[in-house]
Amino acid sequence: MTRIGFYPGTFDPIHNGHTDIIGRAVKFLDKLVLGIAINTGKGPMFSLDERVAIAEEAVQPLRAKAEIVIHPYEGLTMHVAREVGAQVIVRGLRAVADFEFEFQMTAMNQQLDREIETVFLMADPRHQALNSRLIKEIAQLGGDVSKFVSDGVKSRLLAKVGRQ
Ligand code: ADP
């Protein structure tokens with residue numbers, strides 16, 4: 001059996017916390033489908049095409065370990081997970097603040113599809129606090145984001161906020 005995971009998110013843009021989670025997930029998966037939400041209520045800074053291109057670049061070094069597919073999606077996560085043949089949904093847990101939301105979401109998702117399990121992974125402590133919204137704010141205000149994103153993402157971020 002090919003072990004397939006679906007990791008959904010906004011990835012606006014993908015950062016080192018996300019790639020840390022991907023690196024952990026590919027230790028026990030043969031294939032990881034990174035689901036990039038097409039419609040997001042978060043008002044993304046990067047267009048869908050940009051988020052896909054940035055993610056493609058950022059996951060490249062991890063492709064030696066497993067197949068990684070970038071998959072823009074809309075609709076219910078559970079439906080898309082099934083469409084792509086995933087047995088598990090991968091989520092990252094940061095602070096306690098994530099727990100309440102993830103707890104409710106997983107409980108609902110279990111009702112929608114009893115065969116697909118959600119697994120939670122924690123990033124390395126250096127990356128646990130990272131969040132795309134704060135990284136964008138720091139870049140906009142001229143702060144150094146080198147520790148939070150790959151070099152490729154950093155260049156795109158600086159170009160986007162007009163600081164390069
Ligand atoms: P963000 O909340 O940064 O906008 P996403 O919506 O793209 O990120 O999140 C996609 C998934 O990645 C979620 O499961 C989220 O909890 C997880 N994630 C985001 N940042 C981190 C991090 N620093 N460490 C672990 N997991 C994370």
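Both counts, for ligands and for their atoms, begin at 1 and track the order of listing. A quick note: this is a predicted structure, and the numbers were derived from the prediction, not measured.
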At a 4.0 Å threshold, what atoms of ligand 1 neighbour a non-hydrogen atom of [X]?
X      : answer
Asp98  : 16 (O)
Gly17  : 22 (C), 23 (N)
Asn131 : 3 (O)
His127 : 22 (C), 23 (N), 24 (N)
Gly9   : 7 (O), 10 (C)
His15  : 3 (O), 20 (N), 21 (C), 23 (N)
Phe11  : 7 (O)

Side chain or backbone, does [X] bring an N or O within less than 3.5 Å of an N or O on ligand 1?
X      : value
Leu130 : yes
Pro8   : no
Asp12  : no
Ser132 : yes
Ala129 : no
His18  : yes

Notebook entry, point to check: Does ligand 1 have an atom under 4.0 Å from some heavy atom of Met122?
Noted result: no

For [atom], what is the nearest protein heavy atom, given as residue, atom name and distance?
atom                    : answer
atom 17 (C) of ligand 1 : Tyr7 OH, 3.6 Å
atom 6 (O) of ligand 1  : Lys42 NZ, 3.0 Å
atom 2 (O) of ligand 1  : Arg94 NH2, 3.0 Å
atom 26 (N) of ligand 1 : Gly92 CA, 3.3 Å

Can you tell which part of [X] has a heavy atom less than 4.0 Å from ligand 1: side chain, backbone, both or neither?
X      : result
Leu121 : neither
Asp20  : neither
Arg133 : neither
Arg91  : both

Item checked: Salt bridge flag under 4.0 Å for residues Asp12 and Lys136 ->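 A salt bridge links Asp12 with Lys136.
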
Checklist line | Test: Glu56 and Arg63 ion pair at under 4.0 Å | finding: yes

Just by distance, do the side chain of [X] and the backbone of [Y] share a donor-acceptor pair under 3.5 Å?
X      : Y     : result
Gln87  : Ile4  : yes
His18  : His15 : yes
Ser132 : Pro13 : yes

Does a side-chain heavy-atom distance below 4.5 Å link [X] with [Y]?
X      : Y      : value
Leu29  : Val90  : yes
Thr10  : Ile36  : no
Ile14  : Ile22  : yes
Asn16  : Thr19  : yes
Ile116 : Arg82  : yes
Leu32  : Val69  : no
Ser150 : Val153 : yes

Margin query: So for atom CZ, which belongs to Phe28, do other residues, nucleotides or ligands contribute more than 12 heavy atoms lying within a distance under 6.0 Å?
Written below: yes

